[in-house]
Amino acid sequence: MRTKYLSVLSIAVLFGMSTLASAQTYGPYPITLEGYSGDKADSTAYTGQAARQVLHTSLKKLASQGDGSNAAELKQQMMQYFSGKEEGRKIIAPTSRDGFTIVQSEVDQISKGVNLKGKTYKGVVNGWPGKMTGPEVIEFMIDKAANAKRGFDPVTGFDYPQLISKFAMGAVFYHQAVDNYLDEKLEADNKPNDKPYGEGKHYTGKEHSWDEGFGYFGAPAHALDLDANQAYGIAKMKDQAVADYNQDGKVDLYREMTYAHAYYAADSDKAGTDYLRAIFQAFLDGRQLIADANGEALSPSQRAQLKAHAETIKTLWEKVIAEAVFKYAGSVYKDLEKLQTIVETGGNANDTFRAYAKHWGELKGFAMALETGGKDLGEVGTRMNRLIGYGPALLGGGQVTGIDADGNYQIGGAKDLGGYMVHMLKLQKLMDDAYSLQARKNDATGDLEGLVNSLSEGAYSEND
C-alpha cells in the first residue's frame, strides 16, 4: 500500500477543521494518486457541478424577467446560462443580500467553461408534447419564457420558471448523477481508481466520479451538522451563521450552499423523513471507501460495496423527486378546490389561477424529471403522464394537447376542473403505491372515493 501524501488530520488542520468535523463533512480527502508531486492537498473536486447549480438558479431567475418588450435580448441571455461557456457570466441567483454575504459573484469563480446543455438528458421526453429531447424541451421553454410576461402564459397556464427549473434539475443533475457517475463510471474499467481522472489531474478516476455525483445532489459539505430546517433555510438564505461552516463571514457557493434536490430532500425531512441525511451519509461512506483504497484499483468487493452505496443514493433520490410529485399534486388539488368555488360564485380567479399554474409547473417539471434517471418507469410513467397531461386543466375547459408544426400549442379535450381533481388524487395514490413514500406532504387521497362518486365516469377518464 502506498503512503498517503497528506493525512486526513493534516488536511483538517490545513482547512481549519477538527478531525471529528473532517470525518463528518464531505471532504477534504487526502491525495492518493500515485506519483502526484504537485501542491494540491485535497482530492475532493466538484466545482463544475456547483457551477452548474448556479447556472440553474440563475436561469430560473432570468426566466421570470420577461416584460413583453425584451424577448430577443432575454432569450439570448438565458441561452448563455443554458448552452454558453462564455467567461464573465454574472451569478443572477443566489446573490448577496443584507445578512447573507456570498463569496462568489461570477460563475467562473466556481468553475470555468461549463454549461447545462452538454449534460442534459438526450433522450425523448414523453411527458412533453412534440417528442423532443431533453435539450430541445429546455430550449423550447426558454423561447416561450422570453416571450411571456414574467415567464407566465395565462392562455396555457404554463409557469416557465418552474417548468424549466424542475425539469432541468432532473434532466441535468439527477440524470448525470444516477445514470452516469453513480452508474457506468463505477465499473472497473471506467475511470479506474489507480489512474488519474484525466491528464494532469490530482485525483483518481473513482474519486472524481463520486465527487461529481455528490456535487449534483446539491448538499452543503457540512450537511450532517444541520437539521432539516437549517439545510432548507440555507437555500432560502435565512441564516448565514448556519451556512458559514468555516466562519469566514461569507457563504461559499461551492461548499456551503443547499441546492436543488438536497433542498427538496430537506423539505420532505421537515415532515419527519430522513432523506437528506441518509443520502449524504451514503455519499460520505462511499467516498471514504474510495479514499481508504489509497490509490489502488478497487477490488471486486470494494466496488460491490461502492455500488451498494450508489444504489441507496439512487433509490432515495428517486423517492425525493416522487415525494415532490406527490406534494405538488396535492397543491394542485387544493388550488382546484378554490378555483371551483370562485367560478361557481362568479369571483375573480386571477390570483388563484396564478398560484395553480405555479404549483402545476412544479408538479410537471418533477414528473418529467423522473423520466431522466435511466430507469424504465413502465406503466407508472405512462399513467403519470396521462393523469397530468401536457398542460393544466383550464378554467374554460380543455388543456394543452400538443404542439403544431410552427411551435404553437394546441388546446383541446374536455377536461374540467372536477375531473382533473380526481386525476391529482389518483396521481398521489400512484406515486405512493409505486415508491412507498414517507413524507406524503399535502396528502389528499382521503377525498378520492367521495370525489369520484360525485362525478360521472367520463369526467375523470385518464385517457381524456
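- We find that D183 and K314 are joined by a salt bridge, their nearest charged nitrogen and carboxylate oxygen being less than 4.0 Å apart.
- Using a 4.5 Å heavy-atom threshold, the side chains of L437 and M431 count as touching.
- Between the side chain of Q428 and the backbone N or O of A444, at least one donor-acceptor pair lies under 3.5 Å.
- The main-chain N or O of S436 is found under 3.5 Å from a side-chain atom of K319 such that the two form a donor-acceptor pair.
- Residue-environment remark: NZ (K201) stays at or below the threshold of 12 foreign heavy atoms within 6.0 Å.
- Side-chain contact of K166 with Y264: a donor-acceptor pair under 3.5 Å is present, judged by distance alone.
- Closest heavy-atom contact between E371 and G127: OE2-N, 2.8 Å.
- Taking CG of L163 as the reference point, atom CE of M368 lies at 7.0 Å (rounded to 0.5 Å).
- Side-chain atoms of D143 do not come within 3.5 Å of backbone N or O of E139 as any donor-acceptor pair.
- A cation-pi contact links K270 to Y232, judged by a cut-off of 6.0 Å to the six-membered ring centre and 45° from its axis.
- Within the 4.5 Å cutoff, no side-chain heavy atoms of Y174 are placed close to those of F366.
- In D404, the CG atom is crowded: over 12 heavy atoms of neighbouring residues, nucleotides or ligands sit closer than 6.0 Å.
- The aromatic rings of Y26 and F214 lie parallel to each other, with less than 30° between the two planes, well short of the 60° mark.
- Closest approach of Q230 to D225, counting heavy atoms only: OE1-O, 3.9 Å.
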Residues M421, Q340; criterion side-chain contact (heavy atoms from CB on, under 4.5 Å); working and verdict: CA-CA 10 Å; M421 288 169 70; Q340 274 199 320; 3.5 Å; yes
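- Atom-to-atom distance recorded for I290:CD1 and L306:CG is 4.5 Å, nearest 0.5 angstrom.
- For D269 (side chain) and L276 (main-chain N/O), a donor-acceptor pair under 3.5 Å exists by modelled atom type.
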Give the intermediate values and the outcome of side-chain contact (heavy atoms from CB on, under 4.5 Å) for residues V242 and I234. CA-CA 7 Å; V242 168; I234 289 175; 4.1 Å; yes
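- Put simply, the side chain of K191 never gets that close to the backbone of E187: no donor and acceptor are under 3.5 Å apart.
- Once rounded to the nearest 0.5 Å, the distance linking OH of Y181 with CD1 of I313 reads 15.0 Å.
- The shortest non-hydrogen separation linking V107 to A51 is CG1-CB, 4.1 Å.
- Side chain of W360 to backbone of F158: no donor-acceptor contact under 3.5 angstrom is found.
- Between the side chain of Q162 and the backbone N or O of K358, no donor-acceptor pair lies under 3.5 Å.
- Remark: E73 CD is loosely packed, at most 12 non-hydrogen atoms of other residues, nucleotides or ligands lying under 6.0 Å away.
- Side chain of H359 to backbone of Y333: no donor-acceptor contact under 3.5 angstrom is found.
- Counting non-hydrogen atoms of neighbouring residues, nucleotides and ligands closer than 6.0 angstrom, the NZ atom of K250 reaches no more than 12 such neighbours.
- Atom NZ of K122 has more than 12 neighbouring heavy atoms from other residues, nucleotides or ligands inside a 6.0 Å radius.
- By the 6.0 Å contact criterion, NZ on K61 is open, its count of non-hydrogen atoms from other residues, nucleotides or ligands being 12 or less.
- Two residues are said to be in side-chain contact when any heavy atoms from C-beta on lie closer than 4.5 Å; I403 and M132 meet this criterion.
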Derivation and outcome, side-chain hydrogen bond (donor to acceptor under 3.5 Å, both in side chains), residues E212 and Y197: CA-CA 11 Å; E212 289 178 298; Y197 187 89; 3.0 Å; yes
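- The heavy-atom pair separating A357 from F152 by the smallest distance is CB-CE1, 3.5 Å.
- Shown are K149, R354, K364, R150; of these, the salt bridge (charged side-chain N to carboxylate O under 4.0 Å, His left out) with D159 is made only by R354.
- Put simply, the side chain of Y435 never gets that close to the backbone of I321: no donor and acceptor are under 3.5 Å apart.
- Of the possible donor and acceptor atoms, none in the side chain of R89 sits under 3.5 Å from a partner among the backbone N and O of D108.
- Atom CD1 of I110 and atom OG1 of T47 lie 8.5 Å apart (nearest 0.5 Å).
- In this structure, CD on E256 lies 9.0 Å from CD on Q240, to the nearest 0.5 angstrom.
- Counting heavy atoms from C-beta outward, F173 and Q53 have side chains that approach closer than 4.5 Å.
- Side-chain contact between L186 and L298: absent, with no pair of heavy atoms (C-beta onward) separated by less than 4.5 Å.
- Checked options L116, T372, N115; the residue passing with V172 is L116 (criterion: side-chain contact (heavy atoms from CB on, under 4.5 Å)).
- Taking the six-membered ring where tryptophan is involved, the planes of Y420 and H423 are tilted, since the angle between them lies from 30° to 60°.
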Yes or no on side-chain contact (heavy atoms from CB on, under 4.5 Å) for Y216 and W317, after CA distance, side-chain angles and deciding distance? CA-CA 11 Å; Y216 280 128; W317 197 331; 4.2 Å; yes
What's the verdict on side-chain contact (heavy atoms from CB on, under 4.5 Å) for Q104 and D252, showing C-alpha distance, side-chain angles and the deciding distance? CA-CA 7 Å; Q104 300 92 344; D252 181 1; 2.6 Å; yes
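- A cation-pi contact, defined as under 6.0 Å to the ring centre and within 45° of the axis, links K144 to Y409.
- In summary, the aromatic rings of F283 and F280 are positioned with their centroids too far apart to meet the 6.0 Å limit.
- Between A145 and Y160, the shortest heavy-atom distance links the atoms CB-CB, 3.5 Å.
- The heavy-atom pair separating T95 from I102 by the smallest distance is C-CD1, 3.6 Å.
- Here the CG-CZ distance, from D335 to F353, works out to 10.5 Å after rounding to the nearest 0.5 Å.
- For the pair N126/K131, a side-chain contact is recorded, criterion being any heavy-atom separation below 4.5 Å from C-beta on.
- The shortest side-chain heavy-atom distance between H309 and Q281 does not fall under the 4.5 Å cut-off.
- Checked against the 6.0 Å centroid criterion, the rings of H56 and Y259 do not qualify as a close aromatic pair.
- Listed by chain and number, the residues in a salt bridge (charged side-chain N to carboxylate O under 4.0 Å, His left out) with K60 amount to none (sequence neighbours excluded).
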Evaluate Y328 against E362 for side-chain hydrogen bond (donor to acceptor under 3.5 Å, both in side chains), listing each step before the verdict. CA-CA 7 Å; Y328 288 113; E362 292 171 297; 3.2 Å; yes
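- Counting heavy-atom neighbours within 6.0 Å of K185 NZ, excluding the residue itself, gives a total above 12.
- N180 and Q176 share a side-chain donor-acceptor pair at under 3.5 Å.
- At a threshold of 4.5 Å between non-hydrogen side-chain atoms, the residues F82 and T120 count as touching.
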